[in-house]
Amino acid sequence: MTPNIIESLNSILRDEREYPVATIFNLIVHRFGEIFRKRYAEVDNSKATFIPVAETILRENMTTGDKLYVNNINGSTEEFTMLGYGHSAKVNLSRRLCSCRKYDLVKLPCAHAMVALCLKHGDEYGTSIYKYSSKIYSKASYLLAYLEPICAAQLEPEWSVAREYHEMQVLPPDFDPKLGRRNVKCVKGMLEPSRYKKRNKCSKCKRLGHKRTTCNLNVG
C-alpha cells in the first residue's frame, strides 16, 4: 500500500487499464463491488455496537485511562482534570472536548475522557462511552455507506444518446508519439518517500561521491 490513493488504485487495476474504457468501468465495478460486499458482511455479522476499528480504539483508551488520576475540585459532573505520565488534561463531556485534542478530532472518547466517564456513570461506564461517541462509527451508519449498489456500464447498443450527437464526429486529441518504451509507471508525489539512491564509489581512492574517471587523483 502507498499513501498515494491514485497509485494504490493504479496497482489494483494494473492489467485492466489496457482495456477499452467501458470494460475498465465494469471491471472497477466488479472489484469494488467485491470489496463493498466483504466489508458489509464483516460488519453485519459483528455483534459489537460500533465498527471493529472504533471498538479497538475505545478499548485501548479504556486500558490507558485506568492508569490516570482524576481531579474534580469544583464538583462538576461535566468538567474534569486528568493527571498522569507527567501531564495534565482537561475534559468537558458536555461539549465533547479534551485539551489533548484527540477527542475533538477523532470524535471518540480519549483516555482522559474515559476516566471522566467512569467517574460520572459508575456501573454504566461500559455503555456510556457510545453515547459520547460520534454516530458515524455505528454499525448502522457504516452499513448505510455500503448499501447503495454500483451499477455497471451498459453495452454500447443500449446507450441512450441524444439525436444531435449521433452524427457528431469526435476526433482524438493530437498526440506526438515519442521514441522508446512507453512509460507505464505513475509519477511519485511530493510527499511520497523515494527509494534510497546508491552513491557512486571511486574504485581508485575508495571515496564516495564520484567515479574513477572523475577522481582528483587522475589530475597531473
Side-chain angles (χ1 to χ4, degrees), residues 1-61 96 101-108 110 130 133-200:
M1 295 298 291
T2 168
N4 189 334
I5 189 172
I6 298 178
E7 184 70 19
S8 299
L9 184 61
N10 188 45
S11 62
I12 295 177
L13 305 173
R14 187 178 300 276
D15 298 328
E16 291 86 344
R17 62 187 179 182
E18 301 296 337
Y19 299 155
V21 176
T23 305
I24 293 177
F25 285 161
N26 290 333
L27 290 172
I28 293 176
V29 170
H30 178 70
R31 287 289 187 96
F32 279 86
E34 290 181 346
I35 296 174
F36 283 16
R37 285 191 294 270
K38 181 180 178 181
R39 293 184 177 180
Y40 188 97
E42 289 177 353
V43 176
D44 192 31
N45 296 330
S46 174
K47 297 181 180 180
T49 306
F50 278 6
I51 60 176
V53 176
E55 290 284 351
T56 301
I57 295 175
L58 291 174
R59 301 308 163 190
E60 291 177 351
N61 291 342
R96 310 292 197 269
R101 297 284 293 163
K102 292 182 179 180
Y103 195 2
D104 316 9
L105 300 176
V106 185
K107 306 302 180 183
L108 290 173
C110 60
Y130 301 108
S133 302
S134 176
K135 298 301 181 183
I136 62 174
Y137 296 104
S138 65
K139 284 181 57 177
S141 299
Y142 192 88
L143 295 178
L144 186 63
Y146 289 97
L147 185 61
E148 293 293 333
I150 304 178
C151 300
Q154 297 178 340
L155 298 177
E156 187 171 353
E158 301 176 358
W159 291 358
S160 178
V161 183
R163 182 176 299 178
E164 57 266 23
Y165 295 114
H166 280 287
E167 298 180 358
M168 182 180 295
Q169 185 179 8
V170 180
L171 299 176
D174 295 334
F175 177 68
D176 183 17
K178 298 181 180 181
L179 299 177
R181 183 178 298 178
R182 184 166 61 93
N183 184 19
V184 296
K185 292 185 178 180
C186 179
V187 179
K188 288 186 174 294
M190 295 179 60
L191 300 179
E192 289 189 80
S194 58
R195 294 184 178 180
Y196 172 75
K197 185 177 180 180
K198 187 177 179 180
R199 297 181 63 186
N200 294 325

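Worth saying up front: this structure is predicted, and the values here are computed from it rather than measured.
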Practice problem: Measure across S141 and I136 and return the closest heavy-atom pair with its distance rounded to 0.1 Å. | Solution: CB-O, 3.9 Å
Practice problem: List for me each residue that meets side chain to side chain contact (heavy atoms under 4.5 Å, CB included) alongside A140, sequence neighbours excluded, and say none if there are none. | Solution: S138
Quiz item: When rounded to the nearest 0.5 angstrom, what distance separates CG in L108 from CD in E60?
Solution: 11.5 Å
Exercise. Applying side chain to side chain contact (heavy atoms under 4.5 Å, CB included), name anything that partners A48, two or more places apart in sequence or on another chain.
Key: S46, E55
Quiz prompt | Side chains of V106 and Y137 in contact at under 4.5 Å (non-hydrogen atoms) | solution = yes
Quiz item: Do other residues, nucleotides or ligands put more than 12 heavy atoms under 6.0 Å from the CZ atom of R101?
Solution: no
Quiz item: Once you round to the nearest 0.5 Å, how far does CZ of R37 lie from CD1 of I35?
Solution: 10.5 Å
Quiz item: Who pairs with Y142 by side-chain hydrogen bond (donor to acceptor under 3.5 Å, both in side chains), at least two apart in sequence or on another chain?
Solution: none
Quiz item: Got a second to check how far R39's CZ is from D44's CG, nearest 0.5 Å?
Solution: 15.5 Å
Quiz item: Do the non-hydrogen side-chain atoms of N26 and T23 ever get within less than 4.5 Å of each other?
Solution: no
Quiz prompt | Over 12 foreign heavy atoms within 6.0 Å of NZ, K102 | solution = no
Quiz prompt | Contacts of F50 that satisfy ring-ring contact (aromatic ring centres under 6.0 Å, His included) - sequence neighbours left out | solution = Y130
Quiz prompt | Partners passing ring-ring contact (aromatic ring centres under 6.0 Å, His included) against Y40 (at least two apart in sequence or in another chain) | solution = none
Quiz item: If you measure from CD1 on I51 to NZ on K139, what distance do you get to the nearest 0.5 Å?
Solution: 11.5 Å
Practice problem: Just jot down the side-chain hydrogen bond (donor to acceptor under 3.5 Å, both in side chains) partners of R96, sequence neighbours excluded, or say none. | Solution: none
